[in-house]
Amino acid sequence: MVKSGVLTNYRDFLPLTTATPLISLGEGDTPLVRCPGLEQETGCGELYFKLEGCNPTGSFKDRGMVVAIAKAMEAGSKVVICASTGNTSASSAAYAAHCGLTAVIMVPKGNIAPGKLAQAIASGAKIVALEGNFDQTLSLVRSLAEKHPVTLVNSVNPNRIEGQKTAAFEVVDALGDAPDYLFIPVGNAGNITAYWKGFKEYQQVGRAGGRPRMMGFQAEGAAPIVHGHTVEEPKTIASAIRIGNPASWQKAVMARDESGGMIGMVSDDEIVAARRLMATKGGIFGELASSVSLAGLIKLSRQGMDFSAKRVVCVVTGTGLKDSDLVLKNSEPFLELPADLAAVEKSLGWD
Ligand code: F0G
């Protein structure tokens, strides 16, 4: 079956017109997977993972990008531009290539995972590495987009949020109702904004009975919303969320407050441990930033929060293949042997 994609699946909920091209790279319709091994670990009644790494470019960005690019085409735009910690650029490069547009990508130099950079290079995007952090890069890109006839496809473009909210629809469609809690990493804060919009809209049209508490988590060294002030030099191993002045800050705070949720923070060690646990106990390999969801859940459950009668969803925002270099760098050495049966049996203790 040919996958129809986000624009076709949720057209009634999206700002489409008869002139919007129904493009798709097969985004959306990602798995929601229950993990009994991790339910035990966290004391959850039911624990599910939304595998957004299964999108065509390996992250949730494709849901919003397909809408942003389709609307850019509808408006006659030929060039799209974004600032990115990596995934937005990989996605915009791929969708621009698919649609015959030019993608201009600005990334903070030396601050993005090699897998993401490779994706943008492979798709033929125009790449500029800026000496500065993500916040400075985004600010420069916004100025460029105001001055020149290009479409900005960062999540400050409302079409991005519209597309990304479809993930919330899918969670409700899969479970039959909204979960009790949704754990999600927060960087530029577009995704938590989008999920909350989606949950609210689905409830308004009667497709969901309730709404989840939104549990956003930032990395300790890049936690402006938790601290209530911008972070000039954000630091975390999770480069995707190394952001000190999120564009959708106020909307994230609104999602937190309206839902009765929270925005907390986890340390780099907790993020790395959660990534390992998700892979070793759940078979789910997420990129570092995406493991923040589980890291937040583990932190709260260790603090004594009771999830035993709750249905919990953790959003895994990107695939672990994006920054697999970090896994390899920190791994234990593994066996290297000659192709000899006896030698292999001996080293495995099977002789
Ligand atoms: N997880 C991953 C894998 C991301 O790439 C991002 C953001 C987030 C979480 C946070 O989402 O920004 O909507 O709060 N990546 C952006 C980028 C900033 O440029 O790719 P957010």
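Heads up: numbering here begins at 1 and tracks the sequence. Just so you know, these numbers use all the heavy atoms, side chains as well, and skip hydrogens, waters and symmetry mates. Counting convention: from 1, in listed order, for ligands and their atoms alike. Quantities reported herein were computed from a predicted structural model and do not represent experimental measurements.
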Next on the checklist: To check your reading of the model: name the closest protein heavy atom to atom 4 (C) of ligand 1, its residue, and the distance in Å.
Outcome noted: Ala240 CB, 3.6 Å

Item to check | Side-chain ion pair, Glu162 and Lys197, N-O less than 4.0 Å | outcome: yes

Checklist entry - In terms of ring plane angle, is the pair Phe183 and Phe217 parallel, tilted or perpendicular, where the classes change at 30° and 60°? => result parallel

Item to check | Per-atom contacts, ligand 1 versus Asn188 - under 4.0 Å to a heavy atom | outcome: 12 (O), 14 (O), 21 (P)

Item to check | Polar side-chain atom of Asn188 near backbone of Ala247 as donor-acceptor pair, under 3.5 Å | outcome: yes

Next on the checklist: Please list, in number order, the atoms of ligand 1 under 4.0 Å from a heavy atom of Lys61.
Outcome noted: 5 (O), 6 (C), 7 (C), 15 (N), 16 (C), 17 (C), 18 (C), 20 (O)

Next on the checklist: Using modelled atom types and a 3.5 Å cut-off, is there a donor and acceptor pairing between side-chain atoms of Lys3 and backbone atoms of Gly28?
Outcome noted: yes

Checklist outcome for this item: Quick look: Ser84 vs ligand 1, heavy-atom contacts under 4.0 Å, and the answer is both

Next on the checklist: What protein heavy atom lies closest to atom 20 (O) of ligand 1? Include the residue and the distance to one decimal.
Outcome noted: Thr88 N, 2.8 Å

Next on the checklist: Starting from atom 13 (O) of ligand 1, what is the nearest protein heavy atom, named by residue and atom, and what distance separates them?
Outcome noted: Asn191 N, 2.8 Å

Next on the checklist: Looking at ligand 1, would Ile243 count as a contact under a 4.0 Å heavy-atom criterion?
Outcome noted: yes

Next on the checklist: Assess whether a salt bridge exists between Arg211 and Glu258, defined as any Lys/Arg side-chain N lying under 4.0 Å from an Asp/Glu carboxylate O.
Outcome noted: no

Next on the checklist: Evaluate Ser290 for polar contact with ligand 1, using N/O atom pairs at a separation under 3.5 Å.
Outcome noted: no

Checklist entry - Any non-hydrogen atom of Ala189 lying under 4.0 Å from ligand 1? => result yes

Item to check | Distance filter under 4.0 Å to Val186 heavy atoms, resulting ligand 1 atoms | outcome: 14 (O)

Item to check | Atom indices of ligand 1, in the order listed, that fall short of 4.0 Å to a heavy atom of Gly190 | outcome: 13 (O), 14 (O), 21 (P)

Next on the checklist: Below a 4.0 angstrom heavy-atom separation, can you tell me which part of Ile241, side chain or backbone, both or neither, approaches ligand 1?
Outcome noted: side chain

Checklist entry - How far does OG of Ser143 sit from NE2 of His148, to the nearest 0.5 angstrom? => result 9.5 Å

Checklist outcome for this item: protein heavy-atom neighbour closest to atom 9 (C) of ligand 1 works out as Thr317 OG1, 3.6 Å

Next on the checklist: For Arg63, is there an ion pair with Glu27 - N to carboxylate O distance below 4.0 angstrom?
Outcome noted: no

Checklist entry - So which heavy atom in the protein is nearest atom 5 (O) of ligand 1, and how far is it from that ligand atom? => result Asn87 ND2, 2.8 Å

Checklist entry - Residues in side chain to side chain donor-acceptor pair (under 3.5 Å) with Arg276, at least two apart? => result none

Checklist entry - How close does the nearest protein non-hydrogen atom get to atom 11 (O) of ligand 1, and which residue and atom is it? => result Phe60 CZ, 3.5 Å

Next on the checklist: Can you name the atoms of ligand 1, numbered from 1 with element, that are less than 4.0 Å from a heavy atom of Thr85?
Outcome noted: 15 (N), 16 (C), 17 (C), 18 (C), 19 (O), 20 (O)

Next on the checklist: I need the atoms of ligand 1 closer than 4.0 Å to a non-hydrogen atom of Glu287, numbered in the order shown.
Outcome noted: 3 (C)

Checklist outcome for this item: Taking every heavy atom of Met215 against every heavy atom of Leu300, the minimum-distance pair comes out as CE-CD1, 3.5 Å

Checklist entry - Hey, does Ala289 come in under 3.5 Å of ligand 1, counting only N/O atoms on both sides? => result no

Checklist entry - So, the side chain of Ser59 versus the backbone of Gly318: is there a donor-acceptor pair under 3.5 Å, distance only? => result no

Item to check | In one Ile/Leu/Val/Met/Phe/Trp/Tyr side-chain cluster, 4.5 Å: Val266, Met278 | outcome: yes

